[in-house]
**Q** 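Dumping the structure here so I can ask a few things about it.
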Amino acid sequence: MHLAVVSLLAALAGCAPAMPPCSVGSPTLVADLFFGRSLRGGGAVSDADWSDFLAREVTPRFPDGLTIVSAQGQWRPRNATAVIREESWLVIIATDPGPATDQRFAAIRAAYQARFHQESVGLVTTTGCALF
């Protein structure tokens with residue numbers, strides 16, 4: 001029985017869903033990053049501070065391009081009942097997938113959280129095909 005389970009697990013290890021071949025473009029990771037503007041104690045991240053953050057933290061890590069959308073967001077912190085509504089930025093980045101890309105996203109999120117005392121920076125990724 002043990003050998004059968006080990007054999008099954010070994011076979012399933014290679015069964016992670018592979019991305020279907022692209023008929024147009026190439027395999028691409030698309031990331032949506034959600035940056036809240038509200039500051040603890042009141043106020044908001046200024047446009048100048050946001051521009052500086054982009055220039056120092058985001059653009060050097062993803063110089064091939066990105067899209068920024070001004071948005072209105074809401075979320076509920078863990079262990080809270082109140083929903084927080086705030087102005088935010090949505091940054092959309094289409095890039096090559098891989099561990100180095102994951103590390104760049106982690107560094108951007110950590111930098112924003114530290115610089116602007118944010119509890120969280122949302123990150124949602126999807127895969128697809130892209131042609132630019």
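Bear in mind the structure is a predicted one, so any value in this text is a computation, not a measurement.
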**Q** Where is the tightest heavy-atom contact between Pro27 and Pro97, given as atom of each residue plus distance?
**A** O-CD, 4.4 Å

**Q** Where do Cys129 and Thr28 come nearest, in terms of heavy atoms and distance?
**A**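 So the two residues come closest at C-OG1, 4.4 Å.
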
**Q** Can you tell me which residue pairs pass the salt bridge (Lys or Arg N to Asp or Glu O under 4.0 Å) test with a partner in residues 24-37, sequence neighbours excluded?
**A** Arg37-Asp47

**Q** side-chain contact (heavy atoms from CB on, under 4.5 Å) with Thr126: which residues, sequence neighbours excluded?
**A** Val30

**Q** Return the minimal non-hydrogen interatomic distance between Ala31 and Thr125, and the atom names on each side.
**A**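 Ala31 and Thr125 have their closest heavy atoms at CB-CG2, 4.0 Å.
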
**Q** Determine the minimum heavy-atom distance between Gly36 and Ser88, stating which atoms define it.
**A**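 Looking at all heavy atoms of both residues, the shortest contact is CA-CB, 4.0 Å.
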
**Q** Any pair with a residue in residues 101-111 that passes side-chain hydrogen bond (donor to acceptor under 3.5 Å, both in side chains), sequence neighbours left out, goes on the list, sorted by first then second residue, please.
**A**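 Residue pairs passing side-chain hydrogen bond (donor to acceptor under 3.5 Å, both in side chains), neighbours aside: Thr101-Arg104.
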
**Q** For residues 74-81, which side-chain N or O atoms pair as donor and acceptor with protein atoms under 3.5 Å away, sequence neighbours left out?
**A**
| unit_1 | atom_1 | unit_2 | atom_2 | d |
| --- | --- | --- | --- | --- |
| Gln74 | OE1 | Arg85 | NE | 3.3 |
| Trp75 | NE1 | Glu86 | OE2 | 3.2 |
| Arg76 | NE | Ala80 | O | 3.4 |

**Q** Which salt bridge (Lys or Arg N to Asp or Glu O under 4.0 Å) pairs, counting each pair once, include a residue from residues 55-64, with sequence neighbours left out?
**A**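 Every pair satisfying salt bridge (Lys or Arg N to Asp or Glu O under 4.0 Å) with a residue in residues 55-64: Asp52-Arg56, Glu57-Arg61.
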
**Q** Taking all non-hydrogen atoms of both residues into account, name the closest pair between Cys22 and Gly128 and its distance.
**A**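 That closest heavy-atom pairing would be SG-O, 4.3 Å.
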
**Q** Can you check side chain to side chain contact (heavy atoms under 4.5 Å, CB included) on Gln72 and Glu87, steps first, answer last?
**A** CA-CA 5 Å; Gln72 180 68 33; Glu87 297 290 322; 2.5 Å; yes

**Q** Listed by chain and number, what are the side-chain contact (heavy atoms from CB on, under 4.5 Å) partners of Val69, not counting sequence neighbours?
**A** Thr67, Leu90, Ile92

**Q** Under the rule for side chain to side chain donor-acceptor pair (under 3.5 Å), what residues qualify as partners of Ser46, not counting sequence neighbours?
**A** Asp49

**Q** So which residues get pulled into Phe116's cluster when ILVMFWY side chains under 4.5 Å apart are joined, directly or through others?
**A** Leu29, Leu33, Phe35, Leu39, Val45, Trp50, Phe53, Leu54, Val58, Phe62, Leu66, Ile68, Trp89, Val91, Ile93, Phe105, Ile108, Tyr112, Val121, Leu123

